[in-house]
Amino acid sequence: MSGTRSDVRSDVRADARADEGVGGIDSDAAAYLSLLSAQGVAVTGAQSSAIDAFYVTGKDEGWYSDLKRMFLPIWAAAGPNAIDMIGGTSGTYSGTVTHAAGYVQGNGSTGYFDTGTALDTLGLTTSSASLFYGVQVAHTSDSKSYAGALDASPDGYVIAIRKNSAGGMRYIGFSPIAESNQSSSAGALGVNVITRTATDEFGVYKNGDVTIGTVSATGAIPAHKIYFMARSNEDTADLHGNAKMYCFGVGLGLSATEAKSLANATQTLWETTTGLSL
């Protein structure tokens with residue numbers, strides 16, 4: 001394989017076509033659909049097509065191979081909502097969590113989702129790491145976590161929390177000290193992507209081709225699991241929230257273009273499979 005970016009993109013697109021399975025559906029999409037079926041989910045034809053399109057887009061755009069875990073909790077039941085779309089493993093919901101058609105929601109005190117895998121075992125480094133998640137309705141209280149993992153020694157921290165009653169957000173990207181703040185009323189709504197592709201900074205992006213900003217940062221990858229709907233404080237849940245959320249994921253570092261493509265594709269996947277919108 002040639003080392004140029006265009007050659008890599010061409011090879012990725014060729015691999016995506018080669019991944020087509022029976023009936024032309026992407027093989028990874030087919031595997032995920034099979035797992036949903038085993039959990040009793042009756043996926044419609046339109047939903048199946050949307051899921052297939054997501055995988056194909058990710059391979060065409062080059063970011064799918066960087067995803068390590070991704071969950072789509074829209075199926076109104078804990079079993080299918082816990083399935084990892086990338087590797088087929090499962091995470092765990094704990095406490096009081098509402099599994100509705102199109103989203104999951106914690107109760108603000110006990111509910112959260114545990115991905116089940118420590119971040120430092122997934123190949124993430126301080127020059128290549130990302131997390132992403134989707135929010136339909138924001139937390140109703142300040143200082144509540146949408147996603148987070150904290151390791152006190154060595155200092156490693158990644159978190160996204162509601163900052164203030166105006167809907168502002170605070171993001172920390174695998175750094176114990178540096179943060180990016182967003183104060184717009186849009187707040188956390190939509191698909192948020194925190195990504196690190198250099199040892200000295202991280203960036204935050206959203207669907208709609210939105211750039212929140214890049215921030216100078218240093219730090220380590222937490223040697224602990226990441227939780228969603230709460231923070232993993234060295235594998236103990238705290239900062240529980242009550243937002244309505246519809247996707248969770250972690251991966252290697254994504255460029256700004258890749259982060260926005262992932263955010264847009266995930267937003268389209270959610271809207272198409274659920275009929276919901278922000």
Under the side chain to side chain contact (heavy atoms under 4.5 Å, CB included) test, which residues partner [X], sequence neighbours left out?
{"X": "Asn192", "value": "Tyr133, Tyr171, Lys206"}
{"X": "Ala263", "value": "Val191, Val193, Asn207"}
{"X": "His99", "value": "Ala78, Asn81, Tyr93, Val97, Val104"}

For the pair [X] (side chain) and [Y] (backbone), establish whether a donor and an acceptor sit closer than 3.5 Å, ignoring hydrogens and angles.
{"X": "Thr115", "Y": "Ile226", "answer": "yes"}
{"X": "His240", "Y": "Gly108", "answer": "no"}
{"X": "Thr268", "Y": "Asn264", "answer": "yes"}
{"X": "Gln47", "Y": "Thr273", "answer": "yes"}
{"X": "Asp84", "Y": "Gly87", "answer": "yes"}

Which atoms form the tightest heavy-atom contact between [X] and [Y], and what is the distance?
{"X": "Ala149", "Y": "Leu119", "value": "CB-CD1, 3.9 Å"}
{"X": "Thr236", "Y": "Tyr227", "value": "C-CE1, 4.0 Å"}
{"X": "Ala230", "Y": "Gly111", "value": "CB-O, 4.4 Å"}
{"X": "Asp209", "Y": "Lys260", "value": "O-NZ, 3.6 Å"}
{"X": "Leu189", "Y": "Ala138", "value": "CD2-N, 3.8 Å"}
{"X": "Val158", "Y": "Gly173", "value": "CG2-CA, 4.4 Å"}

- Can Asn164 and Asp142 be said to form a side chain to side chain donor-acceptor pair (under 3.5 Å), step by step? CA-CA 5 Å; Asn164 57 45; Asp142 298 342; over 6 Å; no
When clusters are formed by joining ILVMFWY residues with side-chain heavy atoms under 4.5 Å apart, either directly or through shared neighbours, do [X] and [Y] land in the same one?
{"X": "Ile212", "Y": "Met169", "result": "yes"}
{"X": "Phe228", "Y": "Tyr103", "result": "no"}
{"X": "Tyr246", "Y": "Phe113", "result": "yes"}
{"X": "Tyr205", "Y": "Phe132", "result": "no"}

- Got a sec, which hydrophobics cluster with Ile177, joining ILVMFWY side chains under 4.5 Å apart, including via others? none
- Message: Apply the hydrophobic cluster definition, ILVMFWY joined by side-chain contacts under 4.5 Å directly or through others, and give me every member besides Ile159.
- Response: Leu150, Tyr157, Ile161, Ile172, Leu239
- Message: Checking Thr110 now: which residues fulfil side-chain hydrogen bond (donor to acceptor under 3.5 Å, both in side chains) with it, not counting sequence neighbours?
- Response: Asn107
Scan side-chain atoms only and decide if [X] and [Y] contain a donor-acceptor pair under the 3.5 Å cut-off.
{"X": "Arg196", "Y": "Thr126", "value": "no"}
{"X": "Thr140", "Y": "Asn242", "value": "yes"}
{"X": "Thr257", "Y": "Ser255", "value": "no"}

